[in-house]
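Order of appearance sets the numbers: ligands from 1, and atoms from 1 within every ligand. Along the sequence shown, residues are numbered consecutively beginning with 1.
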Amino acid sequence: MAEDKKKYDLDTLRHSAAHLMAQAVKQLFPETLVTIGPVIEDGFYYDFERAQPFVPEDLEKIEARMRELAKTDLPIERKELPREEALAMFGGMGETFKTEIIEGIDSKDPISTYTQGEFTDLCRGPHVHSTGAIKSFKLLHTSAAYWRGDERNPILQRIYGTAWHNDKELKAYLLRLEEAKKRDHRKLGKELDLFSVTDEIGPGLILWHPKGARVRGLIEDFWKQEHYKHGYEMVYSPHAAKVDLWKTSGHMDFYKDNIFSPMDIEGKEYVMKPMNCPFHIQIFQSHLRSYRDLPLRFGEFGTVYRYERSGVLHGLLRVRGFTQDDAHLFCRPSQIQEEIAKVLDLILFILRAFGFSEYKVYLSTRPGKSVGSDGDWETATEALKYALEKTGLEYEVDPGEGVFYGPKIDIKIKDSLNRYWQVSTVQVDFNLPQRFDISYIEEDGQRHQPIMIHRALMGSLERFFGCLIEHYGGAFPLWLAPTQVILLPITDSQHPYVEEVAGQLAAAGIRVEKDLRNEKIGFKIREAQLQKIPFMVVLGDKEVESRTLAVRKRRSKETRTVDMDAFLGELTQEIRDKTLGND
Ligand SMILES: [Zn+2]
Ligand SMILES: [Zn+2]
């Protein structure tokens, strides 16, 4: 059977590993009930019902038993049996979750099962032909989960694992996991003093510390500069508005569960804004608009508040208050293709500046329940396709996955650990222009309704920052680094020279820090490296005398002696290139 191994796809292999794990668990802990064991990205899990949670030693035992079972190369056999027979069989084994699954199956088709040795699982398949095909696997961790994800249901013990075609792939994956742990943005956020979340303020609400705020400010500056260049205007809008506005927009109906509860101000109800769109529409409506004014592009770092259950909050990635790099474009129907193509170009330009050059792109089309005419949907979907093809982006169509008010493009970026992050989205909207009854005067002298495009490029600054921290592993490229250069004098006697150098660098716009503590130079260097500061400049008597700088890059062991002009030239060049630096 071994030669068959190669032709199994990873999903089949991983799902078979889940069965193998269930078999091992039933042998070792016979009182455990089995539920389901699906494949997930890079691995699999299986949910078990058991009073005791599994501990790490249990996982070791289970994994060892899995290896024994794999070695015996048990054949895996598929059987089909009538529903009643399947019910009786799993009922007889006391596997109540399995009988519940069978009872939930609508069709009268026979039920398929897979058997390996004494273990039989209810399953659609496919599976590998024998347990010997499962060779390169590892159990990773456990968590609790509710049956069918519902907290009113019994709590289950979930075991996660991973399986690969060979040990080399498995090893590479485990290394990647290790690296991801080291790069966890919550861990680095603390170590590099970038941001925090406190109980006093409340979960999901982010405090940006000076160093995190530096990075955010640089991102915002770059973003604004490019948006002005591309014909956008910047606007600001308040963080709260009357409930009536959200009734007009429809959010009070279809988005109510995500909106913070209303507050009363002078007898009127207000809510924190969950979106920026209605504000930009109001700005559009503040004038009579002519076709000559269009397209109008309003951009804003708009902070929104959305209610998420505390259980799903996660660092900077799932929060309750976040800032969208939002913009709304108002255009004539004839301009929509060109506008979307420009939006995509801008998105790619900005994402590339952060080192993201591989994407997954999805075009979502009309869902079953939607507003707008067939003609509108067709025009908009064609415009999105046109823009995608013009930019040469490969994309997948997600049929019926559009928002009810229009089709959209979603872009995921691949980070340095080959993980994908959903960031950009471009949506065409027929709904809000209608609800707010916005119009412009067309060439024919008549009132016409503009097309509205919503777009966010980074999605939210919080999430994007979390992604960047992990992508760079906290070692921000020079243009983004909160501190670009740190000066490290060897003794007190170099302090006057340190001040002079610091002054010159700061005057040239370089973000410079000084470590004037009375510590050994080796210690100062190690700390600067832990802070991932791109350049360390060691200053001793030799440097003072020759008026030079001993420069060392954060990941290098080499020190070069240069003069101030050469150093500034190097810094300026690297900042301008936005390169990751070759340190
Ligand atoms: Zn299965
Ligand atoms: Zn919007």
**OP:** Kindly check if the number of other-residue, nucleotide or ligand heavy atoms within 6.0 Å of CD (E378) is above 12?
**Re:**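 No.
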Original post:
Between the Zn ion (ligand 2) and C277, is there an N, O or S atom separated by less than 2.8 Å?
Top reply: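 Given the 2.8 Å cut-off, C277 counts as a ligand of the Zn ion (ligand 2).
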Subject >> NE2 (H127) to the Zn ion (ligand 1) to SG (C123) angle, given to the nearest 10 degrees >> reply: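 An angle of 90° at the metal.
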Subject >> Pairing of R455 and E339 as salt bridge, 4.0 angstrom limit >> reply: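 Salt bridge between R455 and E339, a charged N being under 4.0 Å from a carboxylate O: no.
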Original post:
Ion pair present between R435 and D437, side-chain N to carboxylate O less than 4.0 angstrom?
Top reply: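 Looking at D437 together with R435, the answer is no, because their closest N to O distance does not fall below 4.0 Å.
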Subject >> Positive for salt bridge (Lys or Arg N to Asp or Glu O under 4.0 Å) with E462, one of R320, R216, R306 >> reply: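 Of all the options given, the one that passes is R216.
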Original post:
Rounded to 10°, how big is the angle at the Zn ion (ligand 2) from H454 ND1 to H328 NE2?
Top reply: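 Output for this angle: 100°, rounded to tens.
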